[in-house]
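Working notes, beginning with the structure itself.
Below, chain A is the first sequence line, B the second, and so on; all start at residue 1. Just so it is clear, the values below take in all heavy atoms, side chains as well, and ignore hydrogens, waters and symmetry mates. Computed from a predicted model, the values in this text were never measured in an experiment.
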Amino acid sequence: MPTPVLSPEAFQRRLLAWFDRHGRHDLPWQEERSPYRVWVSEIMLQQTQVATVIPYFERFMTRFPDVATLAEADQDDVLHLWTGLGYYARGRNLHKAAREIVERHAGELPLDLEALSALPGIGRSTAGAIIAQSSGRRAVILDGNVKRSLARLHAVEGWPGRTAVSRSLWALAEHYTPEERLVDYTQAMMDFGATLCRRGQPDCMACPFADVCVAHRRGEERRFPESKPRKALPTRTTRMLLLQDPEGRVLLEQRPSSGLWGGLWGLPQFDDIASLEAWLDSHAPDAELGRAWSPFIHVFSHFRLEITPQLAHCRGASAVDESRCWYDPGNPASIGLAAPVKSLLMALSPFSLEPPAS
DNA sequence: AAACCGGGGGC
DNA sequence: GCCCCAGGTTT
């Protein structure tokens with residue numbers, strides 16, 4: 001664990017003094033603090049800011065006032081009230097967990113870490129928040145706001161997604177967590193990160209920890225927590241078949257409507273030369289392989305595609321259906337083409353003799 | 001355009 | 001057990 005900047009008692013004293021004056025004390029789930037209300041609010045807050053969540057929370061509680069009502073509801077009803085919040089998997093998990101709570105826990109949220117985190121959609125931090133907020137028992141939280149605050153306060157190096165960094169932050173969170181006033185303490189930690197130790201503009205002038213914050217003393221508060229390392233783009237490889245008929249037309253296929261190049265027209269694509277040849281055997285038995293052009297790279301936001309164009313020639317035009325057509329490079333039809341396919345076809349046109357540059 | 005986020009899931 | 005991703009929004 002990084003060296004704590006304060007004793008737990010000093011940390012709690014400063015934080016709670018700040019919270020009493022500047023924290024949020026009138027959120028809907030702060031009145032009538034049942035485990036159920038805290039749970040639903042925590043799930044909603046995982047994905048959305050407080051101001052947006054409030055009306056959704058109110059509607060949800062009116063329609064599903066308790067675990068049993070939620071468990072009995074149709075999933076569609078639940079997702080209907082979730083509409084606009086996004087991340088529907090979490091709405092589905094909430095519903096599924098309600099049914100498990102009815103079946104396995106007699107309709108009451110189990111207030112221990114292990115049983116809570118076994119429920120779908122509830123992990124270590126959310127389980128801690130539910131326990132602390134609804135029972136006042138000691139439990140540790142580490143959501144995004146807390147991670148950011150602790151990382152700055154101690155200048156914890158590295159991206160919190162890394163196991164070692166996460167372990168350090170959990171250890172610090174554990175170190176500072178008090179035995180008393182857990183409801184206020186956990187709310188204070190979340191509020192502190194959300195409203196003062198913000199990601200973009202931390203309000204260090206108003207911060208009760210400015211004198212001990214390592215990042216602030218170094219003038220580097222914006223550097224923590226470190227962001228996810230930009231990974232070098234992975235490279236995938238593919239072969240694109242340029243099958244030409246005697247008139248020089250090229251066979252195109254329409255791609256599936258979703259996914260990469262969804263709905264656009266492209267060349268038949270294969271992972272390797274063997275599957276390309278197998279495809280030719282069944283679709284154009286008279287075709288003869290021509291030469292392969294040198295590979296070139298097409299860059300996407302999340303990967304690089306190394307494309308090896310493979311020429312082939314056939315005598316007659318083989319079967320064409322709704323998702324196949326013969327494309328004349330000298331007289332191009334107006335159809336949507338994937339960018340690298342377009343440059344390949346232009347390279348085939350009578351006015352160009354060379355494959356595209358890489 | 002990129003960062004963000006707790007949990008789930010793949011390996 | 002480690003790492004990556006989904007899925008919308010915020011910056």
Minimum-distance nucleotide to A/Arg167 side chain [options: C/dC3, B/dC4, C/dC2]: C/dC2

query: Please give, in whole Å, the distance from C/dG7 P to A/Arg92 CZ?
result: 8 Å

- prompt: Can you tell me if CZ on A/Arg24 sees more than 12 non-hydrogen neighbours from other groups inside 6.0 Å?
  reply: yes

- request: Quick one: label A/Gly121 by what it contacts on the DNA or RNA (base, sugar-phosphate, nothing), any heavy atom closer than 4.0 Å.
  value: sugar-phosphate

- prompt: Less than 6.0 Å separating the ring centroids of A/His25 and A/Phe19?
  reply: yes

message: Between C1' on B/dG6 and CE on A/Met189, what's the gap in Å once rounded to a whole number?
response: 17 Å

task: Send over the distance from A/Met44 CE to C/dG8 P, rounded to a whole Å.
output: 16 Å

message: Just the rounded figure in Å: distance from C1' of C/dG1 to CZ of A/Arg162.
response: 13 Å

- prompt: Looking at B/dG6, B/dG8, C/dT11, which one has an atom nearest to any side-chain atom of A/Gln49?
  reply: C/dT11

- prompt: CG of A/Leu142 versus P of B/dC5: gap in Å, rounded?
  reply: 11 Å

Atom-pair distance (CG on A/Asn93; P on C/dA6), nearest Å: 16 Å

task: Can you check whether any acceptor in the base of B/dG6 is under 3.5 Å from a donor in the side chain of A/Arg90, or vice versa?
output: yes

- prompt: So, A/Tyr176 versus A/His154, ring centres under 6.0 angstrom or not?
  reply: yes

query: Considering only the P atoms, how many Å lie between B/dA2 and C/dC5, rounded to the nearest integer?
result: 16 Å

task: Calculate the interatomic distance between A/Arg124 atom CZ and B/dG7 atom P; express it in whole Å.
output: 10 Å

task: Measure from the ring center of A/Phe11 to the ring center of A/Phe209 and say whether it is less than 6.0 Å.
output: yes

task: Whole angstrom is fine here: how far is it from OH in A/Tyr88 over to P in B/dG8?
output: 19 Å

query: Just to confirm, is there a sub-4.0 Å distance from OP1 or OP2 of B/dC5 to any side-chain nitrogen or oxygen of A/Arg148?
result: yes

- prompt: Does the pair A/Arg181/A/Asp20 count as a salt bridge with the N-to-O cut at 4.0 Å?
  reply: yes

Any A/Thr163 side-chain N or O less than 4.0 Å from OP1/OP2 of C/dC3: yes

- prompt: Do the side-chain N or O atoms of A/Ser117 get closer than 4.0 angstrom to the phosphate oxygens (OP1, OP2) of B/dG7?
  reply: no

- request: Using heavy atoms to find the nearest nucleotide of DNA chain C for A/Trp159 and A/Tyr87 separately, return the residue whose nucleotide is more 5′.
  value: A/Trp159

- prompt: What's the shortest heavy-atom distance between A/Leu182 and A/Gly136, and which atoms?
  reply: CB-O, 3.3 Å

- request: Just call it for A/Ile122: base, sugar-phosphate, or nothing, with non-hydrogen atoms closer than 4.0 Å on any strand.
  value: sugar-phosphate

message: Distance check, P atoms only: C/dC4 and B/dA3, in whole angstrom units.
response: 15 Å

field: Which nucleotide in B/dA3, B/dG7, C/dG8 has an atom nearest any side-chain atom of A/Arg199
entry: B/dA3

Base paired to C/dC3 (Watson-Crick or G-U; both N/O distances under 3.5 angstrom): B/dG9

